Asks: 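Questions regarding the structure given below will be posed in turn.
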Amino acid sequence: GDSVTQMEGPVTLSEEAFLTINCTYTATGYPSLFWYVQYPGEGLQLLLKATKADDKGSNKGFEATYRKETTSFHLEKGSVQVSDSAVYFCALSDRAGGGNKLTFGTGTQLKVEL
Amino acid sequence: EAQVTQNPRYLITVTGKKLTVTCSQNMNHEYMSWYRQDPGLGLRQIYYSMNVEVTDKGDVPEGYKVSRKEKRNFPLILESPSPNQTSLYFCASSAREYTEAFFGQGTRLTVV
């Protein structure tokens, strides 16, 4: 079945540091890929998405590129802020996998300190 | 404002006492789902619905029921809750199949 693997957290960075959160996937078909963010006490919000190979999703300074050859969708940001502290989830949606569902990774907690 | 609304946000109950978590969306979305979030496991789909009166099991449906009598509402029913159903629950809706979903604020359920 489909699966998503994310790097373990927590990740602790200083403000203005460069961020990378790794995400790799396995899928039956040709999935769409997503990054969601969960701030403390809140639901998940869509951060960015990509629907085909080599697409780059971007939002709020975050970027991720759909790499079919390496089955990856790593999240990057050039300069993080304290307000970026949250849990980040990589997810996929795969028509061939069935069930009209999002398959999530386990989440990576990011802590940004002054 | 487009949103998915769940109630209650927090609930503590006892084993075996039936409960319902409500979910409502105001975006006229066809597709709705329930997920549970557990540490180290991410989010897993419990049930989903493609339209009114059309529902199907997700990955972890045991111990749960759903209904979709109206397009905007998708309640989650635990007829006899057990401690292993202690979790954080999210309702989600989407406009189309296999695309991004919009999530509610979550319901933290504790079964003692």
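The chains referred to below are lettered A, B, ... by the order of the sequence lines, with proteins before strands, and numbering in each begins at 1. Here the structure is a predicted model, which is why all the values come from computation and not from measurement.
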Asks: Could you state whether A:F62 and A:V87 fall into the same hydrophobic cluster, counting links through intermediate Ile, Leu, Val, Met, Phe, Trp or Tyr residues with side-chain heavy atoms under 4.5 angstrom apart?
Replies: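 Unlinked, A:F62 and A:V87 end up in two clusters.
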
Asks: Mind checking the CD-OG1 spacing from B:Q37 to A:T106? Nearest 0.5 Å is all I need.
Replies: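 The distance works out to 10.5 Å.
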
Asks: Count I, L, V, M, F, W, Y as connected when their side-chain heavy atoms are under 4.5 Å apart, and connections chain through other members. Are A:L92 and A:V37 then in the same cluster?
Replies: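 Both belong to a single hydrophobic cluster.
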
Asks: Please give me the minimum heavy-atom distance between B:Y98 and A:S93, naming the atom from each residue.
Replies: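 Of all heavy-atom pairs spanning B:Y98 and A:S93, the closest is CA-OG, 2.9 Å.
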
Asks: Verify side-chain contact (heavy atoms from CB on, under 4.5 Å) between B:E100 and A:Y36, making sure each step is shown before the conclusion.
Replies: CA-CA 10 Å; B:E100 68 268 24; A:Y36 280 84; 3.7 Å; yes

Asks: How far apart are the C-alpha atoms of A:Q38 and B:L43, what are their side-chain angles, what is the distance that settles it, and do they pass the side-chain contact (heavy atoms from CB on, under 4.5 Å) test?
Replies: CA-CA 12 Å; A:Q38 184 179 32; B:L43 281 81; 5.8 Å; no

Asks: Look up atom CZ in B:F102 and atom CG in A:L46, then write down how far apart they are to the nearest 0.5 Å.
Replies: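 Reported value, rounded in 0.5 Å steps: 7.0 Å.
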
Asks: Tell me, for A:L102 versus chain B, whether the close heavy atoms (under 4.5 Å) come from the side chain, the backbone, both or neither.
Replies: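 Both backbone and side chain of A:L102 come within 4.5 Å of chain B.
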
Asks: Taking side chain as everything from C-beta outward and backbone as N, CA, C, O, which of these in B:D59 sits under 4.5 Å from a heavy atom of chain A? Side chain, backbone, both or neither.
Replies: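 The side chain, not the backbone.
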
Asks: Taking only heavy atoms into account, what residues of residues 76-87 of chain B are found under 4.5 Å from chain A?
Replies: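 The residues closer than 4.5 Å to chain A amount to none at all.
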
Asks: Taking every non-hydrogen pair under 4.5 Å, which of B:G58, B:A101, B:A92 racks up the most with chain A?
Replies: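 Top count of heavy-atom pairs under 4.5 Å with chain A: B:A101.
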
Asks: Answer with side chain, backbone, both or neither: which region of A:E8 has an atom nearer than 4.5 Å to a non-hydrogen atom of chain B?
Replies: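 When you check distances to chain B, no heavy atom of A:E8 falls under 4.5 Å.
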
Asks: Linking I/L/V/M/F/W/Y whenever their side-chain heavy atoms sit closer than 4.5 Å, directly or via other members, would A:F89 and B:L41 fall into one cluster?
Replies: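 No, A:F89 does not connect to B:L41 through the hydrophobic network.
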
Asks: Quick one: what part of B:R44 sits under 4.5 Å from any heavy atom of chain A, side chain, backbone, both or neither?
Replies: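 Interface part for B:R44: neither.
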
Asks: Treating Ile, Leu, Val, Met, Phe, Trp and Tyr as nodes and any side-chain heavy-atom pair under 4.5 angstrom as an edge, say whether A:L75 and A:V80 lie in one connected cluster.
Replies: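 Yes: a chain of side-chain contacts under 4.5 Å links A:L75 to A:V80.
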
Asks: Look at the side-chain heavy atoms of Ile, Leu, Val, Met, Phe, Trp and Tyr, link any pair under 4.5 Å apart, and say whether B:Y64 and B:V66 land in one connected group.
Replies: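 Yes, it is one cluster - the side chains of B:Y64 and B:V66 are joined through contacts under 4.5 Å.
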
